[in-house]
Amino acid sequence: MCFDVQVRRVQLLSGNFQRITFAGSCLAEFGVQGQTHDLRIKVVVPSVSDDGQQIPLPEFDCSDTSWYRNWLQLDAAVRGSMRTYTVRAARCSGAEPEIDVDFVLHFDEEGKGGPASSWAAAAQPGDRVSIIGPNAAHCVTAESYGGIEWRPGMARHILLAGDETAVPAITAILESLPADITGHALLEVPAAADELPVSTESSVKVTWLPRGGRPHGELLDAAVRSAVVLPGWASVEGAPVPPRPQIDDVNVDETILWDTPQRLTAAAVQATPNPHTPAGALPFYAWIAGEAAVVRGLRRYLVTEAGIDRKQVAFMGYWRSGRAEA
Ligand SMILES: Cc1cc2nc3c(=O)[nH]c(=O)nc-3n(C[C@H](O)[C@H](O)[C@H](O)COP(=O)(O)OP(=O)(O)OC[C@H]3O[C@@H](n4cnc5c(N)ncnc54)[C@H](O)[C@@H]3O)c2cc1C
């Protein structure tokens, strides 16, 4: 469903995170039943003309179910840019429904950002965007909406790992965890000043990894490897090595890396080491998101080296270095 909303508040959380609170009476219908976890939405931000002026978004009839088809048919120069974001928090049941989205303010060496980060950096109360997200009335449970990938099943020990684009999702997930959950949350961010407050009742150990100019993903990769160690056989010289599970090595330049348990094909499930164990029945679950090449490296490590059952891990390329979101 499409929601026509306005910016209510803008809050600079740190050097690289800008929280934007969106409001609009239509948001009374927004949401899922239960926690939002890593709920993703699409945000349509206005295009910018050659002379740097925002082109107001076309008026949409959000109640029209063919809204998206109509939007695609508009001139690309004026229809705005659609990007994917996470709902950091939703407060839609009160008289003034609103949602928070935490935008990473990313800019290259020349100071150029993508349409969404540039829009977010300059956003002012009253600015208008369109959001595509779930209609609570049609999402009987959180799981019935395809925009939530967090599905730990019966796991009580977890790994959450991601870069700054995954911080909104990981911090929202941490807030929802009960006290008996253990594990690690590893968050790589541009700088120490980007370490945001985290609230969780769980026993998950939260570790911030400020990059400080190191290559993207270097710290995250090392931290995941030390949090999930290789099985014993892999470190004993001369020990018989059991056959390693095969995974298709996704070409992240050509396709989106999105390998989450509920989207595995029947064939892929059969190819996992434990084909008869239903997804969600094992005690460990991992959720990994961030730059696609970094996530691909972690996927290779966790599945083929550490031997983690693919049905127990969600791997999500949230963005690809050097590529605008298609
Ligand atoms: C499910 C999901 C949830 C997401 N949640 C969030 C969220 O809550 N907050 C958030 O900030 N992002 C989030 N992202 C990532 C966001 O969609 C991308 O970063 C997106 O590319 C930003 O759009 P843009 O218009 O700013 O840049 P684009 O036009 O898409 O890209 C322009 C250039 O910027 C580069 N780029 C894009 N993102 C980054 C980055 N983070 N750091 C450095 N360079 C970058 C691209 O490689 C490209 O070269 C999420 C993505 C997914 C798939």
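Start at 1 with the first residue, then count along the sequence. Ligands are counted one by one from 1 in listed order, and the atoms in each one are counted from 1 as well.
Scanning the protein for heavy atoms near atom 31 (O) of ligand 1, the closest one is Ala324 CA, 3.4 Å. When only non-hydrogen protein atoms are considered, atom 5 (N) of ligand 1 lies nearest to Thr86 OG1, 2.8 Å. Closest to atom 18 (C) of ligand 1 among all protein heavy atoms lies Trp319 CB, 3.9 Å. Scanning the protein heavy atoms around atom 42 (N) of ligand 1, the nearest turns out to be His106 CB, 3.4 Å. Among protein heavy atoms, the minimum distance from atom 6 (C) of ligand 1 is reached at Thr165 O, 3.4 Å. Protein heavy atom at the shortest distance from atom 27 (O) of ligand 1 is Gly114 CA, 3.4 Å. Closest protein heavy atom to atom 22 (C) of ligand 1: Tyr85 OH, 3.4 Å. Nearest to atom 50 (C) of ligand 1 among the protein's heavy atoms is Thr84 O, 3.3 Å.
Side chain to side chain, Asp194 and Trp208 fail the donor-acceptor criterion of an N or O pair below 3.5 Å. Under the 3.5 Å distance criterion, with hydrogens and angles disregarded, a donor-acceptor pair is assigned to the side chains of Thr21 and Asp100. Counted by atom type alone, Thr84 and Glu325 present one or more donor-acceptor pairs between their side chains at under 3.5 Å. Using modelled atom types, one finds a donor on one side chain and an acceptor on the other under 3.5 Å when comparing Thr260 with Glu149. With no hydrogens or angles considered, a side-chain donor-acceptor pair links Arg88 and Thr171 at under 3.5 Å.
Note on ring orientation: taking the six-membered ring where Trp is involved, the planes of His157 and Phe284 are tilted (angle from 30° to 60°). In this pair, Tyr85 and Phe103 present their aromatic rings tilted. The plane angle is within the 30 to 60° band. Aromatic ring orientation, Phe30 versus Phe3: perpendicular (interplanar angle above 60°, classes split at 30° and 60°).
Residue Val104 approaches ligand 1 through these ligand atoms, each under 4.0 Å from one of its heavy atoms: 10 (C), 11 (O). Taking every heavy atom of Gly322 and a limit of under 4.0 angstrom, the matching atoms of ligand 1 come to 47 (O), 49 (O). Close approach of ligand 1 to Arg320 (heavy-atom distance below 4.0 Å) involves ligand atoms 46 (C), 47 (O). Residue Ser117 has at least one heavy-atom neighbour below 4.0 Å for each of these atoms of ligand 1: 26 (O).
Using a 4.0 Å cut-off between charged nitrogen and carboxylate oxygen, Arg9 and Glu98 count as a salt-bridge pair.
Within the 4.0 Å heavy-atom criterion, the part of Ser321 lying near ligand 1 is the backbone and not the side chain. Residue contacts with ligand 1 for Met316 are absent, since no atom lies close enough (heavy atoms, distance under 4.0 Å). Residue contacts with ligand 1 for Arg40 involve side-chain atoms from C-beta outward but no N, CA, C or O (heavy atoms, distance under 4.0 Å). Under 4.0 angstrom from ligand 1, the non-hydrogen atoms of Asp102 all belong to its backbone. Neither the backbone nor the side chain of Trp119 has any atom closer than 4.0 Å to an atom of ligand 1 (non-hydrogen atoms only). When heavy-atom distances to ligand 1 are checked against a 4.0 Å cut-off, Phe103 comes that close only through its backbone atoms N, CA, C and O.
Residue Val101 places no N or O, backbone or side chain, under 3.5 Å from any N or O of ligand 1. Distances between N or O atoms of Pro115 and those of ligand 1 include at least one value under 3.5 Å. Between Pro168 and ligand 1, a contact under 3.5 Å exists for no N or O pair. The shortest N/O to N/O separation between Tyr318 and ligand 1 does not fall below 3.5 Å.
Residues Pro190 and Glu164 share a closest heavy-atom pair of CG-OE2, 3.6 Å. Ile170 and Ala161 get closest at one heavy-atom pair: CD1-C, 3.8 Å.
Ser117 has its side chain out of reach of Val104: every pair of non-hydrogen atoms, C-beta onward, lies at least 4.5 Å apart. The side-chain heavy atoms of Asp253 and Arg323, taken from C-beta on, include a pair separated by under 4.5 Å.
With atom 46 (C) of ligand 1 as the reference point, the heavy atom nearest to it among Glu325, Glu164, Met82, Arg323 is part of Arg323. Closest heavy-atom approach to atom 25 (O) of ligand 1 among the candidates Arg88, Arg83, His216: Arg83.
Under a 4.0 angstrom heavy-atom cut-off, Phe107 registers as lying outside contact with ligand 1.
Ring-centre distance between Phe315 and Trp287: not below the 6.0 Å cut-off.
Counting non-hydrogen atoms of other residues, nucleotides and ligands closer than 6.0 Å to CD of Glu201 gives a total of 12 or fewer.
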